[in-house]
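Everything below concerns the one structure shown next.
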Amino acid sequence: MQCIINGQAYNYIDNVMEEEFSRKSYFQLAEEIYNLKYEKWYQSGYMDNHYKPYIIIYEDTAVSSVAVCINDIIRKGKRKRYVQISTVMTLPEYRNKGLNRYLMERVLTDWVDKCDAVYLLSNDSVVDFYPIFGFEEYKEFQYSKPILKIPGAYRKLDIEVPEDWNLIIKNYKRGNPFTELKVDNLSQFVFHCIQFRMNDIYYIEQYDAVAVVKYDNNRLNCYDVFADANLQLDDILGIMANDNTDYVCLGFTPELKAGYIVEESQEEDNHLFVLKGKENIFKDNKVIFPMLSRA
């Protein structure tokens, strides 16, 4: 569809994934701006309609885009639909021409009445942009606690090995029983496995559990754990700890908070914005969106 933005004609596409030309143009833009490898995600078969890009084409090039990531959220036994606006990007030579504004307006028109909440994560450079559309900034909170090493065996999983990959997917579908805020979005989890966490996925055989963790000196960063609900998180993390690990920092909000230190997230170049007039769990709760659900 042709659109006119500030006197210039462009092509606007919102069914990007249905045509090879628009899909590959979008993938090229994402790789150029953020070094994202969307082709591998697409070829995996897990890139589905939970992720919906909107793009503007000039001549034969995707020059600007805003994507929507649709997340099913389960909190306190209630299932809600949250929409994350993500991967906002424009080629440098097309910035400040109103392209992202046009796309944001289209996205909000399409989705604001189809979900319970709309949110996004912004970097430092554009924090003044999103309040124009009715977004307010809120703080996320991170949970950490001291941890002791527990004897036990674990092994790293290889996403290129079919048996290991099937084990990862099987356990993901069981869910994380230890988190207050559960996100049901296998597509986005697979993207994180492929793009960011391929070397951080482990299997604890005695518990038949999968943990996504990264070691950082004396800190263990735990992004997610998929296991039986009858297990104890401390037991799993104790096995995953190294001899020099002093504490664990969670990438999700624990359902049982006793013993945890709660602090405002110190993640650099990251700001949470929530759309006014919709549900907002951040007003009265110290929570964080699970790291592996972020688009």
Side-chain angles (χ1 to χ4, degrees), residues 1-71 82-112 114-115 118-126 129-130 132-133 135 159 185-198 269-270 273 292-295:
M1 183 184 82
Q2 190 176 73
C3 62
I4 306 296
I5 304 173
N6 292 331
Q8 177 65 58
Y10 301 92
N11 285 321
Y12 161 77
I13 303 175
D14 59 11
N15 58 341
V16 174
M17 305 305 293
E18 296 176 14
E19 299 290 340
E20 183 178 10
F21 164 72
S22 56
R23 184 178 69 245
K24 290 193 171 182
S25 296
Y26 175 66
F27 289 174
Q28 183 176 348
L29 177 64
E31 184 161 8
E32 184 167 345
I33 300 297
Y34 292 126
N35 196 31
L36 298 174
K37 310 296 185 184
Y38 280 164
E39 183 63 34
K40 188 171 183 179
W41 185 20
Y42 178 77
Q43 293 298 333
S44 76
Y46 287 94
M47 190 180 197
D48 61 20
N49 57 9
H50 282 80
Y51 186 82
K52 182 177 174 62
Y54 292 64
I55 67 172
I56 289 174
I57 298 277
Y58 184 71
E59 295 181 344
D60 292 326
T61 303
V63 298
S64 186
S65 176
V66 173
V68 166
C69 184
I70 305 156
N71 289 314
Y82 280 21
V83 164
Q84 180 187 354
I85 294 174
S86 72
T87 332
V88 178
M89 54 189 177
T90 302
L91 289 176
E93 60 268 35
Y94 292 91
R95 292 172 187 169
N96 302 312
K97 297 180 182 294
L99 305 188
N100 275 158
R101 180 189 289 264
Y102 178 88
L103 290 169
M104 283 289 294
E105 290 170 349
R106 295 298 297 249
V107 164
L108 291 173
T109 297
D110 282 359
W111 289 98
V112 73
K114 297 177 183 175
C115 63
V118 182
Y119 67 100
L120 59 89
L121 298 162
S122 162
N123 58 34
D124 295 342
S125 64
V126 288
F129 178 63
Y130 297 109
I132 297 170
F133 303 96
F135 286 88
I159 67 172
N185 189 340
L186 175 59
S187 175
Q188 200 60 41
F189 171 72
V190 168
F191 170 68
H192 278 269
C193 291
I194 292 171
Q195 178 77 31
F196 304 115
R197 298 294 160 212
M198 63 172 57
D269 200 22
N270 188 68
F273 285 89
L292 300 189
S293 74
R294 300 179 175 196

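We use all heavy atoms of the structure for the numbers below, so side chains are in, but hydrogens, waters and symmetry mates are not. Everything quoted here is computed from the prediction, not taken from an experiment.
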(message) Looking at every heavy atom in both Ser65 and Leu29, which two are closest together, and how far apart are they?
(response) CB-CD2, 3.9 Å

(message) I'd like to know whether OH of Tyr94 has more than 12 heavy-atom contacts from other residues, nucleotides or ligands below 6.0 angstrom.
(response) yes

Show me the side-chain donor-acceptor pairs of residues 2-12 shorter than 3.5 Å, one per line, residues at least two apart or across chains.
residue	atom	partner	partner atom	Å
Asn6	ND2	Lys97	O	2.8

(request) Nearest 0.5 Å please: distance from the CG atom of Leu120 over to the CZ atom of Phe135. (result) 5.0 Å

(request) Taking ring pair (Phe, Tyr, Trp, His ring centres under 6.0 Å) as the test, write out the residues that go with His192, two or more places apart. (result) Phe196

(request) Report, as yes or no, whether the 6.0 Å neighbourhood of atom CD on Glu93 holds more than 12 heavy atoms from other residues, nucleotides or ligands. (result) yes

(request) Please say whether more than 12 non-hydrogen atoms of neighbouring residues, nucleotides or ligands are located less than 6.0 Å from CD in Gln28. (result) no

(request) Indicate the ring-plane relationship of Phe27 and Tyr38, choosing parallel, tilted or perpendicular according to the 30° and 60° boundaries. (result) perpendicular

(request) Please report the C-alpha distance between Asn100 and Arg95 in whole Å, then the side-chain angles of each, then the deciding distance to 0.1 Å, and finally whether the side-chain contact (heavy atoms from CB on, under 4.5 Å) criterion is met. (result) CA-CA 8 Å; Asn100 275 158; Arg95 292 172 187 169; over 6 Å; no

(message) Within the supplied structure, the quantity of interest is the number of heavy atoms (other residues, nucleotides, ligands) at a distance under 6.0 Å from Asp269 CG; does it exceed 12?
(response) yes

(request) Find the distance between CD1 (Ile55) and CE (Met89) and round it off to the nearest 0.5 Å. (result) 9.0 Å

(request) Would you indicate whether the side-chain heavy atoms of Thr61 and Leu91 approach each other to under 4.5 Å? (result) yes

(message) Which residues pass the side-chain contact (heavy atoms from CB on, under 4.5 Å) test with Gln43, not counting sequence neighbours?
(response) Glu39

(request) Nearest 0.5 Å please: distance from the CE atom of Met17 over to the OH atom of Tyr26. (result) 8.5 Å

(message) As a quick check of understanding, evaluate side-chain contact (heavy atoms from CB on, under 4.5 Å) for Tyr58 and Leu99, giving each step before the final call.
(response) CA-CA 11 Å; Tyr58 184 71; Leu99 305 188; over 6 Å; no

(request) Would you check if Ile56 and Thr90 make a side-chain contact, meaning some heavy-atom pair closer than 4.5 Å? (result) no

(request) Answer yes if the side chains of Tyr102 and Ser64 hold a donor-acceptor pair under 3.5 Å, and no otherwise. (result) no

(message) To the nearest 0.5 Å, what is the distance between OH on Tyr46 and SG on Cys193?
(response) 10.0 Å

(request) Quick one: list whatever passes side-chain contact (heavy atoms from CB on, under 4.5 Å) with Ser187, sequence neighbours left out. (result) Trp41, Asp48, Asn185

(request) Can you measure from CG (Asp110) to SG (Cys115) and round to the nearest 0.5 angstrom? (result) 11.0 Å

(request) Would you please name every residue forming a side-chain contact (heavy atoms from CB on, under 4.5 Å) with Lys40, sequence neighbours left out? (result) Glu160, Ile194, Met198

(message) Between Gln188 and Cys69 (side chain of the first, backbone of the second, donor and acceptor by atom type, cut-off under 3.5 Å), is there such a pair?
(response) no

(request) Mark yes when over 12 heavy atoms from residues, nucleotides or ligands other than Asp60 sit less than 6.0 Å from its CG; otherwise mark no. (result) no

(message) The criterion is side-chain contact (heavy atoms from CB on, under 4.5 Å); which residues satisfy it with Ser25, sequence neighbours excluded?
(response) Phe21, Ile57, Ala62

(request) Give, for atom CG of Asp14 and atom OG of Ser22, the distance between the pair rounded to the nearest 0.5 Å. (result) 10.0 Å

(request) Mind running side-chain contact (heavy atoms from CB on, under 4.5 Å) on Asn270 and Arg294 for me, showing each step along the way? (result) CA-CA 12 Å; Asn270 188 68; Arg294 300 179 175 196; 3.6 Å; yes

(request) Look at the side chain of Gln195 and the backbone N and O of Asn35, then say whether any donor-acceptor pair between them is shorter than 3.5 Å. (result) yes

(request) Begin from the C-alpha positions of Phe133 and Ile85 and carry the test side-chain contact (heavy atoms from CB on, under 4.5 Å) through to its verdict. (result) CA-CA 12 Å; Phe133 303 96; Ile85 294 174; over 6 Å; no

